[in-house]
Amino acid sequence: MKKLYKYKITLLSVLLTALAIGFVSCEDDETSGPWDTASLDALIVEAENLIATSEEGGNPGDYKPGAKQELQECVNWCKWKIDNSDSQDDIADAANKLQIYINKFKNNTVALAIPWIKQTPDTYIQISDNIKPVLDGAWTIEIECYIIDLNTRGYSNNLFSCEQSGPDSGFGVRYFSDGNIQTVVGNNNWVDTGNQAGAGTMKAGKWMHVALSNDGSNQVMYIDGVEVATNSNTHLLAADKPFVIGNSPMWTDRVCNTMVRDFRVWNGVRTAQQIADNKDAVINGDEEGLEAFFPLETDLGDSFTDVTGKYTAKMIGDIEWLLDGTPPEIVLDYTALNDAITELEAFKATITEGTTDGDYPIGTIAYIDELIEDGNATKENANRQDQVDEKASQLVSKIGVVKTMLVADAMGIFVDREDSDAIGLRITPNYTPQGDYTVEFDVKVRSLFGYGTGEFFNNGEYGVWVYGYEELTEENVLASGGLWNFTNAGNGWQGPKTDPLVMKTGEWQHVALVHDNTARTTKIFVDGEEKASFEDIGAPNVSGWGEMWLGNGWGKMDGYIKDFRLWDVARDASDLNAEITGTETGLNAYFPLDKVAGVKFNDVTGNYQGEMRGISWNK
C-alpha cells in the first residue's frame, strides 16, 4: 500500500512538471512577435530612397565613393534583424543604428578642399609616369595657383617641372621672390626666359592662371590668359625624373608655398585664344584633346586618380588639404628670436672695442647692431616659422663666434673644406679690372685630397683654382697641384694653366696673376717664378656678382690665405710680394689678414669690406 502511494505521488509530480513546462512554452510563444516595426520600416524606406537618388563622385557636394554601399549594408542588416529579433528592444536598437547611419550618410559628402603645398624640401604632387610619353610630344599645361609667399627656399619656386641634370633635360616653370616667372627648357643645356615676364608678374594672395605650351622646340607661357614669355629650345625629355607639381624633382628645395587647383594637360599646343577663353571654364574631363585633369578641389587623400581615369597623383611630403579652400592663416612664434635679440643687446653692453690684444676689434658693436637689425627685420618680414627659428639660431651662433674674435696676431684666415658651414671671405663691392691688373696673395694648402678643384679667388668672371684629387692613386696625386687662372673675356673660359705639382701642401706659397692688357697676356707666378702664360686674352667681362670671394666661389679650397692684394697695374715679377704700406699707386684692394679684425672689417684702402662667412682666423 505504501509503494502504491509513493507511485501515485511521483506520477502526480511528473504531470505537474509537464504542465508547468507547457505553460512556460505557451508564454514564450506569446512574446516571439509579431513586433512593432513601423518606425524601422519607415527608416528603411528613407535609407533606400537616399541610396537610389544620391550620386557618388569626387566633386564638392557629391557623396563620397563607398558611402552608398555602407548605408546599404546597414539596411540589409536591419531587414535581417526584423526576422530574427528576440524582443521589441532589438527592433528599437536596429532603428537607432539605422538612424545613425542615415545621419552619417547625409554628412558623408565631398567638401571643397584645396591642397596647400607647404614650403618644405622634398614636398610635391607627383604625377604617374605614364604621363611621360605625352610630355615627349607637343602639349599644353595649365594650372591655377594661390601663392601664400613669394619668398624662395632654394634657388626658385618651381610651380611644375620634369627636369634633371646629367643630361640637362626636361622643363620647368619657376617663379622668384620678386615675382618674375620663367620657363626653363633643357637639351644638354639650359635655356630660360630670363626677365621677359618681369618682376611683379606673380603676386601672392590671389588666384592666378598659369599656362605653358610646347611644340617641341618653342615654348610660350601665359599668365591669366596673357602671353608673358617665349622660349626657343628643343625639349629633351627628362627620362629619369617624374613630373611633379610644386617643386623640382631634381632640386627638391625649390618648393613653392602655394595652393594649387584645376591642373590640366592637353595633347597638342593650345592657341592663345583657347587659353584665354577657357582658363575659367568648367570642364567635364571628356573634352577633345584633354589628356589629364585633376580638379584638386576635394580632399581625396594622399593618392587619387584624375577625372579621365588614366593618371594618378601622389602627395609626397608636407601637403595639407584646406577645407573650403580657405587660405591658411600663418601664426608665427617669435619667442626664440626675441630671446636672441635680447641676448645680443645684453652682450653689446659688455663690449669694449680697441686695438690691444684681448679687446674686441673696432667695428664689433656696429656688427652687433647689424645682427639686431637683421633679427628685427625677420620679425617684420618672415612668413614661415622655419625662417624665424633659423634666424634665432643664427643670431645665437654668431654671438659665440664674436666672442672668439678678440684682437690678436693672425696668420691669415682658415677655410676648412670639411666644415659644411665654412664658406669663405666675402669681399664687397665686387670689382672687375678692365685693363692691366695683378692679383696676388699668400696661400697654404692644407690638403689636395677629396675634391676636384678648390678656389683661392673668384669674382664670377675671373679667378684661380688649384686641382685636387678625389681618389688616392699615384696617377691622381701626380696630376694634382696645378693652377688655372680661369677668365671669361668674351670668348668662353680661357686663361693660363700651370703644370701639376706647383702647389705644395703644408707650406706658405705666394701666387700672383698678372695681366698686361696691351700685350694681351696673362701670367701665373708662384713664389716669384713664372709658371704659365696665356696669349691673346683681354680683360675679363664685368661680373654680375655682388661680391668677390677668397677661398671659394663655385667650390671652396682647403687651407689658409693671407696678404691679399688687387692692383690696377701689371706688376713686374720683381715687385711681387713686396713690402707695402697700402698707399701705393695702383693698389685697389689690400687685406693683410695679419690681425684678428672680427667678423666684418674694412681693407687698408677703405674701398672694400670683408665678411667672414663660416670661416675662422688662423691664430
Side-chain angles (χ1 to χ4, degrees), residues 121-122 124 126-127 129 131-132 134-141 143 150 152-199 201-202 210-223 227-256 265 269 452-453 455 458-463 486-488 490-494 541-546 553-555:
D122 303 311
Y124 46 82
Q126 180 175 327
I127 308 302
D129 278 348
I131 196 71
K132 300 284 282 293
V134 178
L135 301 180
D136 202 21
W139 44 259
T140 302
I141 297 171
I143 195 171
L150 281 166
T152 58
R153 180 120 191 189
Y155 172 73
S156 60
N157 297 304
N158 281 35
L159 189 56
F160 56 82
S161 77
C162 180
E163 58 187 357
Q164 70 180 60
S165 63
D168 294 341
S169 55
F171 70 95
V173 168
R174 62 195 188 191
Y175 59 88
F176 299 85
S177 57
D178 66 353
N180 182 37
I181 186 168
Q182 298 177 344
T183 177
V184 58
V185 177
N187 186 356
N188 292 294
N189 64 345
W190 292 115
V191 177
D192 62 51
T193 54
N195 292 313
Q196 289 184 40
T201 299
M202 301 303 290
V210 178
L212 176 67
S213 67
N214 168 59
D215 67 8
S217 299
N218 301 282
Q219 299 79 36
V220 184
M221 183 163 56
Y222 305 84
I223 304 298
E227 179 182 314
V228 297
T230 61
N231 203 358
S232 294
N233 195 30
T234 299
H235 171 234
L236 175 64
L237 182 70
D240 300 326
K241 292 293 181 180
F243 180 36
V244 304
I245 301 170
N247 204 338
S248 164
M250 181 73 210
W251 300 281
T252 58
D253 63 343
R254 299 182 180 184
V255 58
C256 298
V265 179
V269 174
T453 59
E455 294 164 44
N458 191 347
N459 97 322
E461 293 293 336
Y462 81 115
F486 50 87
T487 303
N488 181 12
N491 295 308
W493 295 106
Q494 53 186 177
N541 292 340
V542 175
S543 176
W545 286 10
W554 300 306

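Values below: all heavy atoms of this structure, side chains included; hydrogens, waters and symmetry mates excluded. Starting from 1, each residue takes its place in the sequence as its number. Since the model is a prediction, treat every value here as computed from it, not as a measurement.
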When you check the side-chain N and O atoms of Asp122 and Thr252, is any donor under 3.5 Å from an acceptor? yes
With distance as the sole test, does Asn458 use its side chain to make a donor-acceptor pair with the main-chain N or O of Gly460 at under 3.5 Å? yes
Could you tell me which non-hydrogen atom of Arg153 sits nearest to which non-hydrogen atom of Asn157, and how far apart they are? N-OD1, 4.3 Å
Could you grab the distance from atom CG of Asn488 to atom CD of Gln494, nearest 0.5 Å is fine? 8.0 Å
Check whether any side-chain heavy atom of Gln219 sits under 4.5 Å from a side-chain heavy atom of Leu212, and report yes or no. yes
Check the side chains of Asn218 and Ser232 for a donor-acceptor pair under 3.5 angstrom, ignoring hydrogens and angles. yes
Rounded to the nearest 0.5 Å, how far apart are CD1 of Ile245 and CD of Gln126? 10.5 Å
Nearest-0.5 Å distance that lies between atom CZ in Phe171 and atom CG in Leu236: 12.5 Å
Taking the six-membered ring for Trp, are Trp493 and Phe486 parallel (under 30°), tilted (30 to 60°) or perpendicular (over 60°)? perpendicular
What are the two closest heavy atoms between Pro242 and Pro249, and how far apart are they? O-CG, 3.3 Å
Mind checking whether Leu150 and Tyr175 have side chains closer than 4.5 Å, heavy atoms only? yes
Check whether any side-chain heavy atom of Val220 lies under 4.5 Å from a side-chain heavy atom of Val269, and answer yes or no. no
Partner of Val185 by side-chain contact (heavy atoms from CB on, under 4.5 Å), out of Val191, Asn231, Thr234, Asn214: Asn231
Taking all heavy atoms of Thr152 and all of Ser177, pick out the closest pair and write down the distance. CG2-N, 3.9 Å
Donor-acceptor pair, Asn180 side chain versus Ala199 backbone, under 3.5 Å? no
Thr183 and Met221: which non-hydrogen atoms are nearest, and at how many Å? N-CE, 3.8 Å
Taking the six-membered ring for Trp, are Phe176 and Tyr155 parallel (under 30°), tilted (30 to 60°) or perpendicular (over 60°)? perpendicular
Pairwise distance CG(Leu237) to NZ(Lys132) - rounded to 0.5 angstrom: 5.0 Å
What pairs with Arg174 under salt bridge (charged side-chain N to carboxylate O under 4.0 Å, His left out), at least two apart in sequence or on another chain? Asp192
Given 3.5 Å as the limit, does a donor-acceptor pair link the side chain of Glu455 with the main chain of Gly555, or not? yes
Nearest heavy-atom contact between Ser161 and Phe243 is O-CD1, 3.4 Å
Could I get the full list of salt bridge (charged side-chain N to carboxylate O under 4.0 Å, His left out) partners for Asp168, not counting sequence neighbours? none
How long is the gap from CD1 on Ile181 to OG1 on Thr201, to the nearest 0.5 Å? 8.0 Å
Between Ser217 and Asp215, is there a side-chain donor-acceptor contact under 3.5 Å, judged purely by atom types and distance? no
Least distance between heavy atoms, Trp190 atom then Ser169 atom: CH2-O, 3.1 Å
For Tyr462, enumerate each residue passing the ring pair (Phe, Tyr, Trp, His ring centres under 6.0 Å) test, keeping only those at least two apart in sequence or located in another chain. Tyr437, Phe457
Beyond-backbone contact of Ile127 with Phe160, side-chain heavy atoms, under 4.5 angstrom: no
What class does the angle between the rings of His235 and Trp139 fall in, given that below 30° is parallel, 30 to 60° is tilted and above 60° is perpendicular? perpendicular
Residues Asn233 and Asn187: side-chain donor-acceptor under 3.5 angstrom: no
Under 3.5 Å donor-acceptor, Ser248 side chain and Arg254 backbone: no
Using modelled atom types only, decide if a donor and an acceptor are shared between the side chain of Glu163 and the backbone of Ala238 within a distance under 3.5 Å. no
Apply side chain to side chain contact (heavy atoms under 4.5 Å, CB included) to Val173 and Asn158, showing your working. CA-CA 6 Å; Val173 168; Asn158 281 35; over 6 Å; no
Can you tell me how far apart CH2 (Trp251) and OG (Ser156) are? Round to the nearest 0.5 Å. 9.0 Å
Okay, side chain of Gln164, backbone of Ala239: is any donor-acceptor separation there less than 3.5 Å? yes
